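The block underneath contains the structure these notes are about, expressed in structure tokens.
It should be emphasised that the depicted structure is a prediction, and the values quoted were computed from it without experimental measurement. Reckoned from all heavy atoms, side chains included, excluding hydrogens, waters and symmetry mates.
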Amino acid sequence: MPEGQQLLYYVQEYHAVPTLKHVIAEKSLDVPAAVALVEFLLSASQFLLGFDLVHGDLKPENILVLKRGDTLDFKLIDFGSISEIFSVNSRAGTPSYLAPERFHAAPIPERTEIYALGFILHEVLTRAYPNGEIEPFQTPVFTARKKPGQLNPNLPPWLELVILRAITVKPEERYLHYSEMKFELENPVKVNPWFQRSAPLLERNTLLFYKIGFFILLALNIYLVLRLVYR
């Protein structure tokens with residue numbers, strides 16, 4: 001604090017630029033820009049993690065967009081909801097971007113921030129919320145969602161898998177660490193197949209589904225042939 005100063009304050013760099021929310025109100029981001037955005041947010045989150053902190057309110061309104069020629073740069077702002085990792089604060093942040101478990105007084109590990117990152121990735125590519133908007137003091141019920149690829153046909157399958165894994169309702173099915181999500185974003189050919197445990201077999205393992213169907217039909221045909229033979 002400067003000598004003689006009576007009040008605490010902090011200084012931030014001013015940028016006369018739009019927030020990400022304003023940018024996607026006009027059009028969605030293309031895939032390279034969306035991936036670059038989330039890689040930036042993951043790097044920022046890893047930096048905070050080095051101090052045992054999480055941002056706590058990741059959302060497009062808290063991200064500034066700077067144009068550098070044909071590319072976009074991003075800056076993360078508003079650290080008013082910053083929290084110590086694993087602290088318990090179920091309602092800090094913006095309801096629509098909160099992981100489901102945070103509505104039930106769960107602690108805040110990397111997985112809850114990863115949910116917000118996946119939510120943002122979904123939003124900037126589709127201009128839609130996975131679960132609709134959640135109002136303050138509402139305890140939502142998370143039901144079946146449309147796949148992001150249904151909302152944006154230009155979405156590559158590998159990126160849809162990353163989004164779905166990041167925003168799954170059950171925390172144990174999400175990425176455990178920022179580094180896991182970052183690795184898959186940077187290495188699309190190495191994205192692991194992933195499906196919710198509740199997904200039908202046809203979606204989880206198409207080959208196995210058709211194998212089972214084949215053997216069922218084969219058994220049925222053998223049965224019908226034997227009936228004809230031994231009439």
Steps toward salt bridge (charged side-chain N to carboxylate O under 4.0 Å, His left out) verdict (R127, E26): CA-CA 9 Å; R127 299 205 295 167; E26 297 180 6; over 6 Å; no

Contacts of F119 that satisfy ring-ring contact (aromatic ring centres under 6.0 Å, His included) - sequence neighbours left out: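 F119 satisfies ring-ring contact (aromatic ring centres under 6.0 Å, His included) with Y97, Y129 only.
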
Donor-acceptor pair, side chain of [X] and main chain of [Y], under 3.5 angstrom:
| X | Y | result |
| --- | --- | --- |
| R174 | R165 | no |
| E113 | E110 | no |
| E180 | H177 | yes |

More than 12 heavy atoms of other residues, nucleotides or ligands under 6.0 Å from CD of E84: is that the case?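 No, the 6.0 Å shell around CD holds no more than 12 heavy atoms from other groups.
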
Checking side chain to side chain contact (heavy atoms under 4.5 Å, CB included) for the pair K182/Q46: CA distance, chi angles, key distance, verdict? CA-CA 10 Å; K182 195 167 187 288; Q46 287 176 313; 3.6 Å; yes

[X] and [Y]: same hydrophobic cluster, using ILVMFWY side-chain contacts below 4.5 Å?
| X | Y | value |
| --- | --- | --- |
| M181 | I85 | yes |
| F47 | L185 | yes |
| L117 | V31 | yes |
| I82 | F74 | yes |
| L41 | L176 | no |

To check you understand the geometry: which heavy-atom pair defines the closest contact between [X] and [Y], and what is its length?
| X | Y | value |
| --- | --- | --- |
| G149 | L155 | N-CD2, 3.8 Å |
| P109 | T112 | O-OG1, 2.9 Å |
| P148 | L164 | CD-CD2, 3.9 Å |
| A34 | L125 | CB-CD2, 3.6 Å |
| A44 | L76 | CB-CD2, 4.1 Å |
| N152 | T126 | CB-CG2, 4.2 Å |

Which pairs, with at least one residue in residues 38-57 and sequence neighbours excluded, count as a salt bridge (charged side-chain N to carboxylate O under 4.0 Å, His left out)?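 The answer is D57-K59.
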
Say you draw a straight line from [atom1] of [X] to [atom2] of [Y]; how long is it, rounded to the nearest 0.5 Å?
| X | Y | atom1 | atom2 | value |
| --- | --- | --- | --- | --- |
| H104 | E101 | NE2 | CD | 9.0 Å |
| S28 | H122 | OG | NE2 | 12.0 Å |
| K21 | T19 | NZ | OG1 | 8.5 Å |
| H55 | N62 | NE2 | CG | 5.0 Å |
| L37 | I24 | CG | CD1 | 9.0 Å |
| S96 | E123 | OG | CD | 8.5 Å |

Name the residue from L20, L29, L66, D30 that meets the side chain to side chain contact (heavy atoms under 4.5 Å, CB included) definition with L72.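 Only one of L20, L29, L66, D30 forms a side chain to side chain contact (heavy atoms under 4.5 Å, CB included) with L72, namely L29.
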
Check: [Y] and [X] side chains under 4.5 Å, non-hydrogen atoms:
| X | Y | result |
| --- | --- | --- |
| I108 | S87 | yes |
| L159 | V35 | yes |
| V162 | V38 | no |
| V191 | N187 | no |
| P100 | Y115 | yes |
| S83 | L53 | no |
| S45 | L58 | yes |
| V54 | L49 | no |

Would you please name every residue forming a salt bridge (charged side-chain N to carboxylate O under 4.0 Å, His left out) with D73, sequence neighbours left out?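 Per chain and number, D73 pairs via salt bridge (charged side-chain N to carboxylate O under 4.0 Å, His left out) with R68.
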
Check the pair E184, Y175 against side-chain hydrogen bond (donor to acceptor under 3.5 Å, both in side chains), reporting the backbone distance first and the verdict last. CA-CA 10 Å; E184 293 204 339; Y175 296 103; 2.7 Å; yes

